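First up is the structure itself, then whatever we jot down about it.
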Amino acid sequence: MGIISTIFTWIWFQLDLIVHSGFPVFFWVRPRWSIDDVPDQSGKVVLVTGGNSGTGYATALSFYYAGAKVYLACRNEQLAREAIDQIKKGGVIGLNGFTQPKPAKKDGTRKKGVVEFVKLDLSDLESVDQCAQEFLKKEEKLDVLFANAGVMASPEGLYTKQGYTLQFGTNVLGHHRLINLLLPLLLSSPPTHPSRVILTSSAGHASAPNGGVDFKSVVRDPSDPITREGQQPKQGKNEKMRWVEYGQSKWGDIALAKYLHNVYGRQGRLISVAVHPGMVATNLPRHMSLTPYVTKFAPWLFPVVTRTSDIGAVNQVWAATIPDHDARWISGQYLVPYRKVGIARPDLQDDKKIEEVWNWCDEQGKKWA
Ligand SMILES: NC(=O)c1ccc[n+]([C@@H]2O[C@H](COP(=O)([O-])OP(=O)(O)OC[C@H]3O[C@@H](n4cnc5c(N)ncnc54)[C@H](OP(=O)(O)O)[C@@H]3O)[C@@H](O)[C@H]2O)c1
């Protein structure tokens with residue numbers, strides 16, 4: 001019986017993974033909601049990691065035009081400032097990456113909020129500390145923290161400044177530290193309106209190793225030099241590991257969301273959700289060698305396999321803006337396209353493994369305090 005139910009669960013997970021991947025071919029899986037539909041967010045303070053690009057940009061745009069104060073937490077100040085200019089002009093990212101003006105709302109009243117830059121390099125824990133310090137100096141509350149930034153399929157041999165593999169170090173360890181440092185502020189919101197932490201995960205979490213995270217594999221071998229993103233990593237490494245590494249980082253993101261729910265969400269002190277945004281045309285595949293060729297010779301492929309960033313941002317913006325009593329219901333869950341509680345990989349039901357990820361990140365954090 002045990003084996004049959006395990007097989008059934010596995011098949012069900014794989015089917016759900018395919019249908020709710022966000023591929024446009026599953027035409028009936030549509031958002032039926034837009035990031036322009038968010039209710040008034042005046043008075044809200046929101047921080048979006050990686051807010052200069054892709055789903056992070058669309059998220060920031062949505063909150064700005066709903067009247068919120070939005071912080072773009074980005075590693076590249078110039079790109080962040082350009083994004084802020086675009087947001088103020090109402091630029092929307094299309095499938096080809098260019099921005100077009102955002103159509104004015106029908107009633108002609110477009111509320112505008114405030115948008116600011118704060119420096120954050122998730123691949124350097126010192127920068128994460130500085131970002132949190134700067135934010136805490138400026139703000140006395142944080143309504144929504146979007147742990148959105150990410151790096152995908154980077155070659156093996158690239159590390160964060162402290163020597164963790166680039167994808168796990170950026171996507172999980174960096175975000176864990178930021179959340180941890182901002183946690184007292186997040187938990188200080190009134191119980192009637194708990195703050196929300198939304199982690200952008202991926203259907204790619206399915207490619208994590210058995211059990212989720214292989215902690216040994218995310219720490220640099222001492223014989224390897226610390227090669228940072230943008231530099232040439234040591235050659236001859238395993239290509240498949242790029243995806244396993246991405247998978248375990250996205251598995252780790254869901255684990256962080258579930259841990260926060262288990263510890264604080266169940267007490268009603270915080271709402272924490274992980275989302276898969278769908279297949280979205282963004283800068284994410286920059287580490288894949290085929291990307292420049294597809295962009296140049298087969299741009300028609302984009303609408304076939306991807307959707308735009310504003311659609312990619314639907315799940316996270318929705319989770320961050322639905323009324324509190326509905327949001328409590330989705331806390332601790334993994335959302336798939338669109339606005340649907342999805343099935344995360346069955347090993348994510350193991351609370352011990354989830355706690356292990358949080359505790360391991362805590363332990364690493366102490367080494368670099
Ligand atoms: N696109 C998809 O189909 C898809 C599917 C599933 C999940 N996701 C997830 O969606 C999230 C957003 O990605 P996207 O698709 O919008 O890609 P994107 O356009 O490449 O945006 C990623 C953002 O993360 C930032 N970032 C990367 N490394 C960073 C670091 N060390 N410190 C601070 N920021 C850093 C990037 O900054 P720079 O601009 O400076 O590089 C960029 O702003 C990611 O977590 C990704 O895993 C995307």
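Scope of the values below: all heavy atoms of this structure, side chains included, with no hydrogens, waters or symmetry mates. In this text, all values refer to a predicted model and were calculated from it rather than measured experimentally. For ligands, and for the atoms within them, numbers begin at 1 and follow the listed sequence.
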*Treating Ile, Leu, Val, Met, Phe, Trp and Tyr as nodes and any side-chain heavy-atom pair under 4.5 angstrom as an edge, say whether L187 and L260 lie in one connected cluster.*
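Yes.
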_Ring-plane angle category for F297 and Y293, please: parallel below 30°, perpendicular beyond 60°, tilted otherwise._
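Taking Y293 first and then F297, their aromatic rings lie parallel (interplane angle under 30°).
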*asked:* Using modelled atom types and a 3.5 Å cut-off, is there a donor and acceptor pairing between side-chain atoms of R242 and backbone atoms of Y246?
replied: no
*asked:* If you take the centroid of each ring, where Trp contributes its six-membered ring, are F26 and W28 closer together than 6.0 Å?
replied: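 Close enough - the centres of the two rings lie under 6.0 Å apart.
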*Mind listing the closest non-hydrogen atom pair of Y159 and D221 along with its distance?*
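Residues Y159 and D221, closest heavy atoms: OH-N, 4.2 Å.
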*Should E116 and V70 count as side-chain neighbours, where that means a heavy-atom distance under 4.5 Å?*
no
*Please list, by chain and number, the protein residues whose heavy atoms come under 4.0 Å of ligand 1.*
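Near ligand 1, by chain and number: G50, N52, S53, G54, T55, R75, L79, L120, D121, L122, S123, N148, A149, G150, T170, T200, S201, S202, Y246, K250, H276, P277, G278, M279, V280, T282, N283, L284, R286.
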